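Encoded as structure tokens, the structure appears first; notes follow it.
Below, all heavy atoms of this structure are taken into account, side chains as well, without hydrogens, waters or symmetry copies. As the structure is a computational prediction, the values presented were derived from the model and not from experiment.
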Amino acid sequence: MIENANSTVGPLRPFQRTAGDEVQGVLDHAGEAVHLAVMLAASGEWSVGVGFGEVELPLPKETRAGRGAAFEHARDAVERAKRAAGNIAVSSAHPETERLEAELQLTASIVAKRRSTSWEAGLLMDRGMTQSEVAKELGITQQAVSMRLASSLWFETNRMMLESAKALGKLIEPGEKS
């Protein structure tokens with residue numbers, strides 16, 4: 001998982017094992033943080049904590065040696081995520097944190113219920129294919145592609161992740177990391 005996360009996103013500091021089964025990374029791109037957090041939480045295999053706030057600069061080479069409010073919030077969030085809806089929690093001192101957490105919990109819960117056939121069609125759509133092209137690729141009708149996307153709320157959850165990332169980006173002030 002660590003190698004996959006580090007190659008999927010461009011972490012400011014790479015994901016590293018911190019204690020037991022926990023890993024931690026430092027991201028400065030809200031879109032990458034939201035997408036990765038939702039996908040990991042939706043897998044059902046991870047409890048995901050997103051913390052944001054000030055960090056002590058310069059950042060150390062080792063992620064686990066990082067200090068500052070963002071790291072403290074991440075610790076709080078991961079502990080709460082173990083008992084949270086959607087396996088995800090968000091923590092910070094910002095008053096909009098609860099709303100962002102609710103958005104991510106709902107999105108992760110919906111994504112977790114997707115069937116493999118919806119994933120198959122949706123991932124092809126995300127690569128820029130049209131529904132007709134996806135249908136041809138999968139050997140099904142365009143209507144079947146449409147039904148797979150609609151039943152999984154594909155476009156709605158992608159939009160929610162995009163809007164959540166915009167919100168997180170606005171909440172993170174210069175010098176803060178997620």
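The backbone N or O of Ile88 sits less than 3.5 Å from a side-chain atom of Gln105, completing a donor-acceptor pair. Checked by atom type and distance alone, the side chain of Arg13 never pairs as donor or acceptor with a backbone atom of Glu62 at under 3.5 Å. At least one donor-acceptor pair under 3.5 Å links the side chain of Glu101 to the backbone N or O of Val90. Under a 3.5 Å cut-off, the side chain of Asn87 and the backbone N or O of Ser47 do not form any donor-acceptor pair. Using modelled atom types, no side-chain atom of Arg67 and backbone atom of Val55 make a donor-acceptor pair closer than 3.5 Å. The main-chain N or O of Val111 is never found under 3.5 Å from a side-chain atom of Thr157 such that the two would form a donor-acceptor pair. For the pair His29 (side chain) and Glu32 (backbone), a donor-acceptor distance under 3.5 Å is present. Here the side chain of Gln16 pairs a donor or acceptor atom with the backbone of Arg64 at under 3.5 angstrom.
For the pair Lys136 and Glu133, the salt-bridge criterion is not met [side-chain N within less than 4.0 Å of a carboxylate O].
Of all non-hydrogen atoms in Arg148 and Leu138, the two that sit nearest each other are NH1-CD1, 3.7 Å. Taking all atoms of both residues into account, the shortest heavy-atom contact from Val145 to Ala121 is CG1-CB, 4.4 Å. The minimum heavy-atom distance between Ile110 and Ser152, with the atom names listed, is CG2-O, 3.9 Å. The shortest non-hydrogen separation linking Ala41 to Ala108 is CB-CB, 4.1 Å. When all heavy atoms of Gln24 and Ala74 are compared, the pair lying nearest together is NE2-CB, 4.1 Å. Minimum interatomic distance between Gly31 and Ala165 (heavy atoms only, all atoms of both residues): CA-CB, 3.5 Å.
Between Ile140 atom CD1 and Thr117 atom OG1 the span is 8.0 Å, to the nearest 0.5 Å.
Remark: Glu103 engages Arg99 in a salt bridge (charged side-chain N to carboxylate O under 4.0 Å, His left out) (not counting sequence neighbours).
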_Let's go through Leu27 and Phe52 carefully: what are the C-alpha distance in whole Å and the side-chain angles of both, what is the deciding distance for side-chain contact (heavy atoms from CB on, under 4.5 Å) to 0.1 Å, and is it a yes or a no?_
CA-CA 10 Å; Leu27 303 174; Phe52 63 95; over 6 Å; no
*Evaluate the salt bridge (Lys or Arg N to Asp or Glu O under 4.0 Å) criterion for residues Arg114 and Glu120: first the C-alpha distance (whole Å), next the side-chain angles of each, then the deciding distance (0.1 Å), finally the verdict.*
CA-CA 10 Å; Arg114 289 180 176 164; Glu120 186 178 50; over 6 Å; no
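Ser92 and Thr97 form a side-chain donor-acceptor contact under 3.5 Å, judged by distance and modelled atom types alone.
Counting only heavy atoms from C-beta outward, the side chains of Leu123 and Trp154 approach each other to under 4.5 Å.
One hydrophobic cluster, built from ILVMFWY side chains closer than 4.5 Å, holds both Leu168 and Met39.
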